[in-house]
Trainee: 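Let me give you the structure first, and then I'll get to my questions.
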Amino acid sequence: MKEILILILSAIFVNNIVVTQFLGICPFLGVSKRVESAIGMGAAVTFVLGLASAISWLVQRYILDPFGIGYLQTIAFILVIAALVQFVEMVVRKFSPSLYNALGVYLPLITTNCIVLGVAIINIDKGYNILFSIANGVANALGFTLALVLFAGIRERLDFANVPKCFKGIPIALVTAGLMSIAFMGFAGLL
Amino acid sequence: MNYLKEFTKGLLKENPVFVLLLGMCSTLAVSNSLSNALGMGAAFTIVLVLSNMVISSIRKIVPNDIRIPVFIVVMAGFVTMIDLLIKAYFPALNESLGIFIPLIVVNCILLGRAEAFASKNGILASLFDGLGMGVGYTLALSTLAIIREVIGAGTILGYPLFGPNYQPALIMILPPGAFITLGCVLAFLNKMQEKKAS
């Protein structure tokens, strides 16, 4: 129990997946213009990453390992994730139209989000069991959501700031992300 | 002559990192030293050229509806090959690039080139397009890596530049330095563009 708690805290704050490990930068820069869309994207990623961690672990344990085809890991995982995202999209559309309206546009984007594949591979590399894998997946997704929402809040204000012309848009956003990354390094002594 | 144009457009005019803003994750993560940047650039270029050529050669027999999964499997195949080769022959590089080698497969530049170029053009043109984009990516990565390594560690490819009294600004090779360097380089390029236009 204690180990899982430490794992979750470290994934959210200390080793935040976006600002210290550089996974998922594309949505971090692309979907962070408004707080509402940041929350939507974060929720969609959390949902898919929890599922993907479990399924990729099962695929590795019960398909790739017994047949000795571990070298097909990258191909197998990317297909599993792509299929999973499609499947989640269909299920959500059928059973919960309101949730679909909230998450719908973000779901297809997740296939190319390197967080999902990255965390699936990290789970296997670190030898986590299925419970730890799911906890790690959800915690990393929460860390992603936290960084995304904080960043969106800053960017909403940046729109009104008087920045030099050549820094407008992406450059100032990157410098801001750098400052945020420094702030997150303050958590380094936490655990 | 035409092929030369396909090659050079990726270097500056349509540079995948600085102009198209694609493939940010690996750009930020592996630009902490020049040797990492060159290794990653080489691996990426090989995957891009090979997958561009294969995708271009099968473009007429792949049904339009399932083209994206097909493209992804082709890319994942080449990425797996490169991953295994690096693990076998360059264990030190494998150690420092780590998870970012398998993650080449979700690099937006790969799918972007497959969709925008290789699925519409011939094999030779796709080869040069892939080569140009790959070299452009390596150039961008190396630019960032040189800035970060010189300021952050005072070395270039591991050789010390400034003598023993230099105090390196460690922040530049840590994660924050990546964001700040890329932001400043992009702002500098914008400034140049402005000057050129006026």
Trainee: Would you please go through residues 23-45 of chain B and name the residues with a non-hydrogen atom below 4.5 Å from one of chain A, in numerical order?
Mentor: M24(B), C25(B), L28(B), A29(B)

Trainee: Measuring heavy-atom distances to chain B, does L79(A) have an atom under 4.5 Å in its side chain, in its backbone, in both, or in neither?
Mentor: side chain

Trainee: Could you look at L22(B) and say if it's the side chain, the backbone, both or neither that has a heavy atom under 4.5 Å from chain A?
Mentor: neither

Trainee: Give, as side chain, backbone, both or neither, the part of I68(B) having an atom under 4.5 angstrom from any heavy atom of chain A.
Mentor: neither

Trainee: Treat each ILVMFWY residue as a node, draw an edge where side-chain heavy atoms are under 4.5 Å apart, and state whether I124(A) and L131(A) are in one component.
Mentor: yes

Trainee: Using the rule that two of Ile, Leu, Val, Met, Phe, Trp, Tyr join whenever any of their side-chain heavy atoms come within less than 4.5 Å, decide whether V14(A) and L150(A) are in one cluster.
Mentor: yes

Trainee: Do other residues, nucleotides or ligands put more than 12 heavy atoms under 6.0 Å from Q167(B) CD?
Mentor: no

Trainee: Using non-hydrogen atoms and a limit below 4.5 Å, what part of residues 179-194 of chain B faces chain A?
Mentor: F179(B), I180(B), L182(B), G183(B), C184(B), L186(B), A187(B), N190(B), K191(B), E194(B)

Trainee: Does any heavy atom of chain B fall under 4.5 Å from the side chain of A177(A), the backbone, both, or neither of them?
Mentor: both

Trainee: Does CZ in F90(B) sit with more than 12 non-hydrogen atoms of other residues, nucleotides or ligands closer than 6.0 Å?
Mentor: no

Trainee: Taking all non-hydrogen atoms of both residues, which atom of C114(A) and which atom of V106(B) are closest, and how far apart?
Mentor: CB-CG2, 3.5 Å

Trainee: Among L117(A), I25(A), I121(A), which has the most heavy-atom pairs under 4.5 Å with chain B?
Mentor: I25(A)

Trainee: Below 4.5 Å from any heavy atom of chain B, which atoms of I78(A) appear? Answer side chain, backbone, both or neither.
Mentor: side chain

Trainee: Take a 6.0 Å sphere around CZ of F162(B) and say whether it holds more than 12 heavy atoms from other residues, nucleotides or ligands.
Mentor: yes

Trainee: Given the options I172(A), V175(A), D125(A), L179(A), which has more heavy-atom pairs under 4.5 Å with chain B than any of the others?
Mentor: V175(A)

Trainee: Counting only non-hydrogen atoms closer than 4.5 Å, does L72(A) touch chain B with its backbone (N, CA, C, O), its side chain (CB onward), both, or neither?
Mentor: neither

Trainee: So for Q73(A), is it side chain, backbone, both, or neither that comes closer than 4.5 Å to the heavy atoms of chain B?
Mentor: neither

Trainee: Is the NZ atom of K9(B) crowded by more than 12 outside heavy atoms at less than 6.0 Å?
Mentor: yes

Trainee: Which answer fits M180(A), side chain, backbone, both or neither, if we ask what part of it has an atom under 4.5 Å from a heavy atom of chain B?
Mentor: neither

Trainee: At a 4.5 Å cut-off on heavy atoms, which part of V18(A) comes close to chain B: side chain, backbone, both, or neither?
Mentor: backbone

Trainee: Indicate yes or no: at least one non-hydrogen side-chain atom of F100(B) is less than 4.5 angstrom from one of L23(A).
Mentor: yes

Trainee: Please check if F117(B) and M53(B) belong to a single hydrophobic cluster, counting links between Ile, Leu, Val, Met, Phe, Trp and Tyr side chain heavy atoms closer than 4.5 Å.
Mentor: no

Trainee: If Ile, Leu, Val, Met, Phe, Trp and Tyr residues are connected whenever their side-chain heavy atoms lie under 4.5 Å apart, and connections chain through other members, are V92(A) and F87(A) in the same group?
Mentor: no

Trainee: According to a 4.5 Å side-chain heavy-atom criterion applied to Ile, Leu, Val, Met, Phe, Trp and Tyr, with indirect links allowed, do F77(A) and L58(A) form part of one hydrophobic cluster?
Mentor: yes

